[in-house]
Amino acid sequence: MAEHAPMRLEPEARRGKPLLYIMAALAAGAVILTALSPYASLGWRIALAALVMTVLLSYTLPAFGKYLRKRIFWYTATFFVALALNFFLPRLIPGNPVDIILQDLMMGITDVSRATALKNQYIAQLGLDKSLVEQFFIYTGNLFKGELGMSLYLAQPVAKVLASKIPWSVAIMMPAILVGWLVGNMLGAQAAYKKGVYDKVIFPLSLFLSSIPSFIFSMLMLLWLGVSWNWFPVLGGFDAQIINKQSLVYYRSLVAHWALPFISQTLIIIGGQAIGMRSMALYELNADYVLFAKLQGIRDRKITRYVFRNAVLPQVSGLALSLGGMVAGSTLIEIVFSYPGLGQQLMMAIRNVDYPLISGCTLVISITMLVANLLIDIVYGLIDPRVRSAQTEES
Amino acid sequence: MAEPILSVRDLKTYYRTRLKENVYAVDGVSFDLHDGHVLGIAGESGCGKSTLSLSLMGFYFPPLHYGSGSIVLNGTDIMTLPYETLRRDFLGKQIAYIPQAAMNALNPTRRISRYVVDVLSEHDIGTTEKQMLALAEEKLTFLGLPPRVLNAYPGELSGGMKQRTVIALATLLNPTVLIADEPTSALDVSSQKVVMAMLHRMLKQGLVKSMIFITHELPLLRHVADEIAVMYAGEFVEVGPATDVIFSPIHPYSHALMGSIIVPEEGMKARSLSSIPGAPPNLKNVPPGCRFAERCAYVVPECRMPDPVLAAMMEEHQYRCRFDEQELRGKYALEVPAHV
Ligand SMILES: Nc1ncnc2c1ncn2[C@@H]1O[C@H](COP(=O)(O)OP(=O)(O)OP(=O)(O)O)[C@@H](O)[C@H]1O
Ligand SMILES: [Mg+2]
């Protein structure tokens, strides 16, 4: 319903058009100038790219451009809501970061007034004495300067912590999602199409993989392949005893530590994708158009192509969504395998009530989610005529 | 009389369910269809009309299976053909089909024009893509559709347009036999009339040589059909010239049907076939003897005996009852027209 609100305003918008153009041009100019300045953060550069894309698309595909502008508007609005939640929710966690930081320091101090003074000093230094709303505006302001603040517990810039942790998560999840998606969909399609023994093996196996809680499955993998059979190392992202980070031994240990979480995650994804694809393909195979095409004398080979194209379309959004949820999705795996990614970091940040770091992690997660969704909308709009015609009706 | 275009003899087909039970949905159907004629098939929901129309296409895929019988089209028994020949030379070319659920009969992600090319290029007719599209455009225009339909995706067409598009696609190659399975049941009354008129025009102009028209709305058949077959529980219980079957039906089932929808015109639409009390037998396990016995007003104990000569045959007008026409007509004459 809310989506239709801007449309009702249309007559007024048309009257105010020159002003609107000037404002849009000014905003665009500001974005371009900021983004091109040498101090611009990555966020500004992305905003610029998005702007250019939108303008180009508006010119090449007018109806689609309009749809896209509307989408982007709503995603931006969602982003700000997410931003607020990312800020406020961690700060509602019971506990106080200063207590945790000072835990060790306080041990030796017996003088209560000195302890309180020290605590207050820390609180003031971290800006925690201001009201939450005030803190929020400071936080948002800093964010647009590209600053995510300092981690309270690690005493490092949040951006730096995130940058060092994200690659680990991506290294597991990106290949796992891609391989899992491809293999899962192929297996699911085969199961639906060939039926018989094939289906009787693939289906229950996939069902098992997709319905067992993923942390239990990962722990089983860890227990069998890691501990009992000792095929893979089980702790961390590399062998901590290796000092030379350029040596071949180090890289080999990286791969060895990566393999088990990667395999577990891939298998889990294969299960889910195969189940989804199988039911989609079965549904499509029974669709009326298949019968009509068959009775029109169209070869099975061609009909199969219709079916799989149609069945895979919804799966594409699944792919984009899991890529978007990549960082969040790896949390369990990272915890089970003590893998040093963002998920594990988030877990630790929560335990330490490390507000800026929690907000930073969840911000990354929110942004990847939003971008993935936006990409789905764009890709769908371009490849699926059903969505496309719905869009033209909408706009 | 000339050789029939389509001659079906004792066709039996069945569904095999997942529980390995057989549903004998078409059980010994025979009929002839002549050039320029329309055979109407009427019967209650679930009596096997759709199954019969699928079975007539000459190839089967699970869960539907072929039992026995022959389907001779233009002198060729298509049941004896290898699939590839049947596909290339018959399906969509000589024998065409309009499905009951025409609304979803088109691939939602393919433009009509692409689909046209897909169909036509499967039949070795030696035309270029351009000629194919011209052919399709001609058909669409004939059916009163704008040529822009070619460029549309199915989702962009209205229900009535989709229906007519499906008819255009089914008749691209001027089929000898067109099987239309309730092609109008999803339409409102005025679109129904338009579609019926179009089908009729196609027949008149020879774009379609003959037609099998399935419906459970008998009033529709009265105006289009030359012959009518009444189907009950997988069998034809009566086949004959349309006016005879409608105005002086012989079989007690047809009689009950027509009794329930008898003229005047106005009253015809309101009444449905299901106004006969009782339900048809389960097709998984058909009782021996006459299948209508359970619901027949004139049943005698012998009706339930297995009886190989159940069908009484005449030249033109056939029916399936142990009583002969005179006996039945005698019974009907005595009847108070109260059960209506
Ligand atoms: N896939 C199937 N598997 C098993 N039985 C089926 C299947 N499809 C249909 N049947 C059964 O076959 C019988 C005939 O079905 P059919 O669809 O031919 O009926 P119909 O006369 O076309 O009915 P309607 O007027 O409702 O379209 C029904 O009893 C139905 O239950
Ligand atoms: Mg039917």
Side-chain angles (χ1 to χ4, degrees), chain A residues 61 63-64 67 191-200 203 280-317 379-395, chain B residues 50 53-54 56-64 83-112 114-125 151-157 166 169-173 175 179 181:
Chain A
L61 299 165
F64 185 67
Y67 162 80
Y193 195 66
K194 294 213 172 126
K195 302 200 172 77
V197 185
Y198 215 75
D199 193 26
K200 288 203 175 85
F203 182 56
M280 275 317 294
L282 278 180
Y283 174 81
E284 290 291 336
L285 277 168
N286 286 322
D288 293 324
Y289 69 82
V290 171
L291 180 69
F292 187 54
K294 249 184 208 185
L295 296 181
Q296 291 246 81
I298 296 184
R299 255 174 269 245
D300 268 357
R301 200 161 9 99
K302 208 181 266 176
I303 297 176
T304 316
R305 239 182 291 146
Y306 289 178
V307 164
F308 290 130
R309 186 192 142 97
N310 293 349
V312 92
L313 281 174
Q315 299 293 97
V316 172
S317 80
V379 170
Y380 259 113
L382 292 176
I383 61 176
D384 192 331
R386 287 168 291 194
V387 179
R388 198 161 22 185
S389 57
Q391 285 161 12
T392 26
E393 274 158 35
E394 201 184 303
S395 52
Chain B
S50 294
S53 57
L54 275 183
L56 291 176
M57 302 301 289
F59 83 110
Y60 300 83
F61 40 92
L64 186 60
Y83 173 72
E84 189 50 28
T85 317
L86 180 73
R87 185 194 67 68
R88 191 184 59 229
D89 298 336
F90 286 84
L91 295 182
K93 195 173 182 182
Q94 295 208 44
I95 185 161
Y97 175 80
I98 301 173
Q100 184 164 6
M103 287 305 139
N104 306 315
L106 297 171
N107 181 356
T109 61
R110 209 144 173 83
R111 284 184 203 279
I112 307 295
R114 298 317 307 158
Y115 185 78
V116 165
V117 174
D118 283 352
V119 172
L120 294 182
S121 55
E122 294 285 26
H123 293 290
D124 290 353
I125 47 172
N151 247 319
Y153 285 98
E156 299 166 357
L157 303 175
V166 168
L169 292 170
T171 55
L172 276 175
L173 289 168
I179 303 173
D181 187 0

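Below, read A as the first sequence line, B as the second, and so on, with proteins coming before strands; counting in each chain starts at 1. None of the values given here were measured: they were computed from a predicted structure.
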Between [X] and chain A, which part of the residue has a heavy atom less than 4.5 Å away: side chain, backbone, both or neither?
X: B:Phe90; result: neither
X: B:Ala170; result: both
X: B:Ala105; result: both
X: B:Glu84; result: side chain

Straight-line distance of A:Asp300 CG to B:Phe61 CZ, nearest 0.5 Å: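 Here the rounded value is 9.0 Å.
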Quick one: closest heavy-atom pair of [X] and [Y], and the distance?
X: A:Leu295; Y: B:Phe59; answer: CD2-CE2, 3.5 Å
X: A:Lys294; Y: B:Leu91; answer: O-CD1, 3.7 Å
X: B:Pro108; Y: A:Asn310; answer: CD-ND2, 3.9 Å

Check: A:Arg309 and B:Arg110 side chains under 4.5 Å, non-hydrogen atoms: no
Whether A:Phe292 and B:Tyr115 hold their rings parallel, tilted or perpendicular, with breakpoints at 30° and 60°: parallel
Heavy atoms of other groups near A:Tyr283 OH, more than 12 under 6.0 Å: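 No, not enclosed.
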Trace of the side chain to side chain contact (heavy atoms under 4.5 Å, CB included) decision for B:Glu122 with A:Lys302: CA-CA 10 Å; B:Glu122 294 285 26; A:Lys302 208 181 266 176; 3.7 Å; yes
Stepwise side chain to side chain contact (heavy atoms under 4.5 Å, CB included) check, A:Leu291 with B:Leu54: CA-CA 10 Å; A:Leu291 180 69; B:Leu54 275 183; 3.9 Å; yes
Option passing side-chain contact (heavy atoms from CB on, under 4.5 Å) with A:Gln296 (candidates B:Leu172, B:Asp118, B:Val119, B:Leu120):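 Exactly one option meets the side-chain contact (heavy atoms from CB on, under 4.5 Å) with A:Gln296, and it is B:Val119.
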